Enquirer: 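I have a structure here, written as structure tokens, and I will follow up with some questions on it.
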Amino acid sequence: MTIDKQEIINVTKGEMRLRIIVTGGAGFVGSHVVDTYIGAGHDVLVLDDLSTGKIANLNTKASFEQVDIRDRDKISSLFKRFSPQIVNHHAAQIDIRRSIAAPIFDTEVNVLGTVNLLHQSVNRNVKGFIFASSGGAIYGETPTPAAEGNPKAPISPYGAAKAAIEYYLFAYMHTFRLETLALRYGNVYGPRQDPRGEAGVISIFAEKLLANEVPTIFGTGKQLRDYIFVKEVARANLLATDCLLSGLPMSLTPDELALNIATGHSLSVNDLFTRLAKITNFSKGPFYGKARPGELMESRLDVTRAERKLGFTAETSFARGLAQVLAWLRKK
Ligand SMILES: NC(=O)c1ccc[n+]([C@@H]2O[C@H](COP(=O)([O-])OP(=O)(O)OC[C@H]3O[C@@H](n4cnc5c(N)ncnc54)[C@H](O)[C@@H]3O)[C@@H](O)[C@H]2O)c1
């Protein structure tokens, strides 16, 4: 299914109804992406194996299939049946420590599973493919804000898989004319992030403080991260969809197919704790545990390209984002 130029008006304004597959749409980030697409009037099919995702996260207006992205036959028949114009890929094994303990499993899901989706996208003439990459995991230490062209130093198999897929995106764009974009997220936070997971320090701290329990900060707490609110990330996905449909020049390099999606301001874990403690009236200090081996000290992201290419700037203030996390946890 190809989309002719006349149809390409402005998907962000809901002027065109698209069929969009969102993988990982029962997970934290993916479910907000689904909500945003549905809100803009699109038809969404969620593909998710529910390994970490939850039925409760699913938008009731989206269709859903429980499937593993590695399952070639099932993915092929679902692509055939739904005939998507856009594939938005958020399904992944996201646990960095698991990627170190079980790198082959990580590769199977994060590399082979993704190539399976790219392959089916080409078979079904999908117009555009969006990939959830990671600004935190592919640059390594960034004493100054990393722009997309910066050297890459993924230190975990998880980060290596993200970097590898970005090269596949480039290859698929050039060899098969599948238009692709990689969104390199900062540290995403917001409602639906599992406080019992490995990632998501904000959810973990917020849950502890609400229960009046002392959270553990691993290492000095001086680690810097760029925390971005999940609804901003979802909005960036909608803008990226628009950008893909407008057509990308074939002269782009792999790094030019990537966009950092972050706020451009990094905070230390200590600072984060202090802010959360203040708004939850928590009066105790944190517990400092042993530093985690291999953990990055500084993650800073330059966001000028996303501003220029997508017109995207994160607008939700940190205070407002934190308030929404707390409201969600209280309701839970
Ligand atoms: N949360 C962050 O801070 C962050 C930062 C950078 C990049 N990302 C990327 O964003 C994406 C979503 O992450 P998240 O934080 O929402 O995690 P999540 O675990 O909440 O979401 C991942 C989803 O993928 C599904 N899934 C996992 N393996 C699957 C498989 N084999 N087949 C089908 N579905 C499968 C899970 O059930 C889950 O619903 C991932 O690609 C992740 O690498 C997240």
Side-chain angles (χ1 to χ4, degrees), residues 21-35 45-59 62 64-72 74-75 78 87-96 98-99 102 105-117 120 129-139 154 156-166 182-204 225-234 236-237 240 258-263 296 299 301 321 325:
I21 282 185
V22 180
T23 71
F28 162 51
V29 182
S31 65
H32 286 278
V33 171
V34 172
D35 291 350
L45 170 63
V46 170
L47 306 182
D48 197 302
D49 71 351
L50 299 179
S51 50
T52 56
K54 296 177 185 70
I55 291 284
N57 289 343
L58 282 172
N59 188 304
F64 169 65
E65 288 287 340
Q66 185 168 358
V67 62
D68 190 318
I69 55 167
R70 293 169 293 172
D71 185 332
R72 290 195 217 165
K74 224 169 150 188
I75 291 290
L78 287 166
V87 173
N88 184 307
H89 179 36
H90 275 75
Q93 186 302 108
I94 66 148
D95 183 342
I96 293 188
R98 187 169 184 196
S99 85
F105 173 72
D106 186 81
T107 311
E108 281 169 357
V109 176
N110 290 352
V111 181
L112 289 178
T114 304
V115 175
N116 187 28
L117 297 169
Q120 294 309 330
F129 190 102
I130 295 174
F131 172 60
S133 188
S134 167
I138 72 170
Y139 295 114
S156 63
Y158 169 83
K162 292 288 187 199
I165 289 303
E166 290 200 9
L183 304 182
R184 295 179 187 160
Y185 302 154
N187 282 54
V188 190
Y189 74 96
R192 301 184 195 148
Q193 187 163 36
D194 191 349
R196 260 136 289 204
E198 293 294 330
V201 64
I202 291 184
S203 279
I204 297 168
R225 299 288 180 269
D226 188 322
Y227 297 102
I228 178 160
F229 189 57
V230 67
K231 289 182 188 168
E232 296 290 350
V233 169
N237 274 269
L259 294 153
N260 290 340
I261 301 297
T263 66
L296 281 186
S299 177
L301 298 166
V325 173

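A quick note: this is a predicted structure, and the numbers were derived from the prediction, not measured. For ligands, and for the atoms within them, numbers begin at 1 and follow the listed sequence.
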Enquirer: Is it the side chain (CB and beyond), the backbone, both or neither of Asn57 that lies under 4.0 Å from ligand 1, heavy atoms counted?
Expert: neither

Enquirer: Nearest 0.5 Å, what's the OG1-CZ distance between Thr263 and Arg225?
Expert: 13.5 Å

Enquirer: So, regarding Val29 and ligand 1 (criterion: nitrogen or oxygen to nitrogen or oxygen, under 3.5 Å), is there a contact or not?
Expert: yes

Enquirer: Of the backbone atoms (N, CA, C, O) and the side-chain heavy atoms from C-beta on, which set of Arg184 has a member under 4.0 Å from an atom of ligand 1: side chain, backbone, both, or neither?
Expert: neither

Enquirer: For the residue pair Phe229 and His32, is the inter-centroid distance of their aromatic rings smaller than 6.0 Å?
Expert: no

Enquirer: What part of Asp194, side chain, backbone, both or neither, has a heavy atom within less than 4.0 angstrom of ligand 1?
Expert: neither

Enquirer: Could you give the distance from NZ (Lys162) to OG (Ser134), rounded to the nearest 0.5 Å?
Expert: 7.0 Å

Enquirer: To check your reading of the model: name the closest protein heavy atom to atom 40 (C) of ligand 1, its residue, and the distance in Å.
Expert: His90 O, 3.3 Å

Enquirer: May I ask you to check whether Asp48 has an N/O atom sitting below 3.5 Å from an N/O atom of ligand 1?
Expert: yes

Enquirer: Taking only non-hydrogen atoms of Tyr158, do any sit less than 4.0 angstrom from ligand 1?
Expert: yes

Enquirer: Quick one: look up the protein heavy atom nearest atom 44 (C) of ligand 1 and list residue, atom name and how far away it is.
Expert: Tyr185 CD1, 4.2 Å

Enquirer: May I ask you to say whether Lys74 pairs ionically with Asp49, meaning some side-chain N is under 4.0 Å from a carboxylate O?
Expert: no

Enquirer: Output yes when the distance from some N or O of ligand 1 to some N or O of Ser51 is under 3.5 Å, and no in every other case.
Expert: yes

Enquirer: Assess whether side chain to side chain contact (heavy atoms under 4.5 Å, CB included) is satisfied between His89 and Ile69, documenting all intermediate values.
Expert: CA-CA 10 Å; His89 179 36; Ile69 55 167; 3.8 Å; yes

Enquirer: May I ask you to decide if Ala91's main-chain N or O and Thr23's side chain share a donor-acceptor pair within less than 3.5 Å?
Expert: yes

Enquirer: Below 4.0 Å, non-hydrogen atoms only: which portion of Val109 touches ligand 1? Side chain, backbone, both or neither.
Expert: side chain

Enquirer: Is a side-chain donor or acceptor of Asn110 paired with a backbone partner of Ala92 at a separation under 3.5 angstrom?
Expert: no

Enquirer: What is the distance from atom OG of Ser133 to atom CG of Leu259, rounded to the nearest 0.5 Å?
Expert: 10.5 Å

Enquirer: So how far is it from Ile21 CD1 to Leu78 CG, rounded to the nearest 0.5 Å?
Expert: 7.0 Å

Enquirer: Within less than 4.0 angstrom of ligand 1, does Gly186 place any heavy atom?
Expert: yes

Enquirer: Do Val67 and Ile75 come close enough that some side-chain heavy atom pair is under 4.5 Å?
Expert: yes

Enquirer: If you measure from CZ on Phe28 to CG on Asn57, what distance do you get to the nearest 0.5 Å?
Expert: 10.0 Å

Enquirer: Using a plain distance cutoff, I'd like to know if Ser133 has any nitrogen or oxygen under 3.5 Å from a nitrogen or oxygen of ligand 1.
Expert: no

Enquirer: Could you tell me whether Ile94 and ligand 1 have an N or O pair separated by under 3.5 Å?
Expert: no

Enquirer: Starting from atom 4 (C) of ligand 1, which protein heavy atom do you reach first, and at what distance in Å?
Expert: Val188 CG2, 3.9 Å

Enquirer: Find the distance between CZ (Phe131) and CG (Asn88) and round it off to the nearest 0.5 Å.
Expert: 11.0 Å

Enquirer: Among all the protein's non-hydrogen atoms, which is closest to atom 10 (O) of ligand 1, and how far away is it?
Expert: Ala132 CB, 3.7 Å

Enquirer: Is there a donor-acceptor pair closer than 3.5 Å between any side-chain N or O of Gln193 and the backbone N or O of Val188?
Expert: yes

Enquirer: Would you please determine whether Thr23 falls within less than 4.0 Å of ligand 1 on a heavy-atom basis?
Expert: no

Enquirer: Examine distances only and state if a side-chain atom of Asp48 and a backbone atom of Ala26 form a donor-acceptor pair shorter than 3.5 Å.
Expert: yes

Enquirer: Look at atom 21 (O) of ligand 1 and say which protein heavy atom is nearest, naming residue and atom and giving the distance to 0.1 Å.
Expert: Gly27 CA, 3.7 Å

Enquirer: Just to be sure I read this right, does ligand 1 sit under 4.0 Å from the backbone of Tyr189, its side chain, both, or neither, counting only heavy atoms?
Expert: neither

Enquirer: For atom 32 (N) of ligand 1, which protein heavy atom lies nearest, and how many Å away is it?
Expert: Ile69 N, 2.9 Å

Enquirer: Backbone or side chain, does any N or O of His89 fall under 3.5 Å from an N or O of ligand 1?
Expert: no

Enquirer: Is there a heavy atom in Gly113 that sits closer than 4.0 Å to ligand 1?
Expert: no

Enquirer: To which protein heavy atom is atom 26 (N) of ligand 1 closest, and what is the distance rounded to 0.1 Å?
Expert: Asp49 OD1, 3.3 Å

Enquirer: Quick one: nearest non-hydrogen protein atom to atom 18 (P) of ligand 1, plus distance?
Expert: Thr52 OG1, 3.7 Å

